[in-house]
Amino acid sequence: MPNLKNPSPPPDGYRGRFAPSPTGPLHAGSLVAALGSWLDARKNQGKWLLRIEDLDAPRCIPGVDQEILRQLLACGLSWDEEPTWQSRHQERYQKALERLNALQTVYPCVCSRQTIASALEAQGVKIQRNQEIVYPGTCRPEHIKVSEKIASPMTDVAWRLALPPNLSIEFEDLALGKQHQDLNRAVGDFVLRRRDSVFTYQLAVVVDDAEQGITHIVRGQDLLSNTARQIYLQKVLEYQTPAYLHLPLVLDEHGEKLSKQTSASAIHTGNGQEALQALRQAAKHLGLRDLPDGKETSIAEWLLAATQAWNRKITFS
Ligand code: GLU
């Protein structure tokens, strides 16, 4: 049996990260996540790593990864250690999936969106737009066995994680306090590798955070509903669970989250003044007050003051 054991335990000390998907350049919302995670790492004398989450190739735009790197550097948000790209780590995700298979916790699924929707409709469940679809368990066998097929990328099946009944995950968010989610009611058995052989965000993020020894995850609140899934997966894979802090989202004029999908405009970082302006906006959103606002302030000076002012209990204006 190949060595499928989990990565070594995180080293001592804080290790944070920023993990953008290269589906568009940084906008006001993603800069908040970048700045918040950078400040939290710097305030705690920690390391801040950069990971490009480019597994879903059709959604990624060529060259945008380099654009994000340039934007971060223009804002003075420098990273420690070499940046990494998820598309280069297929092997580690496959190994994690094989380990889950050996633990008899995954099963193949041939359901299409349509079959899932029909099965839910038959149960009288109405699917709302933008709502998480709870998998009804159509393909779940009564007894899960180790499957031999898992190694083949050609099998045209998705792989789902089988959840035990009554799985309530609780965690303490460093900004929001106690959180909990009943995973069966919220999502059901979720997908780890899609039918087109793409490893999902849930699996890849958990494996990479563990591989990179991440101790603190600071990111936008749009990802809060994913955290319980990730904590459960960490437990099954015997990884350490990092601390979590979810930051307030930037909303557009319709009250919707700013996102690359809704073509939020890229932050301007063409010169120091523009970059500082973008940083100031992000800091305001994070509730940071009394930062140097003079024209002469350098980015380095401003970031130092912002690090001193950083407070995890974010208060809104
Ligand atoms: N790649 C994800 C995104 O851009 C972030 C993942 C994370 O921080 O866990 O939304």
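FYI, the numbering just counts along the sequence from 1. Just so you know, these numbers come straight off a predicted model, no measurement behind them. Counting starts at 1 for both ligands and their atoms, in listed order.
Listed by number with element, the atoms of ligand 1 under 4.0 Å from a non-hydrogen atom of Glu53 are 1 (N), 2 (C), 5 (C), 6 (C). Less than 4.0 angstrom separates some heavy atom of Tyr201 from each of these atoms of ligand 1: 6 (C), 7 (C), 9 (O). Shown in contact with Arg17 at under 4.0 Å from a heavy atom are these atoms of ligand 1, numbered in order with element: 7 (C), 8 (O), 9 (O). Near Ser21, the atoms of ligand 1 lying under 4.0 angstrom from a non-hydrogen atom of the residue are 1 (N), 2 (C), 3 (C), 4 (O). Annotation for ligand 1: atoms under 4.0 Å from non-hydrogen atoms of Arg219 are 7 (C), 8 (O), 9 (O). The ligand atoms of ligand 1 that sit less than 4.0 angstrom from a heavy atom of Val205 are 9 (O).
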*Check the pair Leu203, Trp159 against side-chain contact (heavy atoms from CB on, under 4.5 Å), reporting the backbone distance first and the verdict last.*
CA-CA 11 Å; Leu203 180 71; Trp159 287 87; over 6 Å; no
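Polar contact with ligand 1: absent for Leu223 (N/O pair, distance under 3.5 Å).
Nearest heavy atom pair, residue Thr269 against residue Cys75, reads CG2-SG, 3.8 Å. Across every non-hydrogen atom of Leu303 and Leu39, the tightest pair is O-CD2, 4.2 Å. The two residues Asp189 and Arg160 have their closest heavy-atom pair at O-NH1, 2.8 Å.
Applying the ring-ring contact (aromatic ring centres under 6.0 Å, His included) rule to pairs touching residues 53-98 yields Tyr93-Phe199, sequence neighbours excluded.
The aromatic rings of His216 and Tyr14 lie parallel to each other, with less than 30° between the two planes, well short of the 60° mark.
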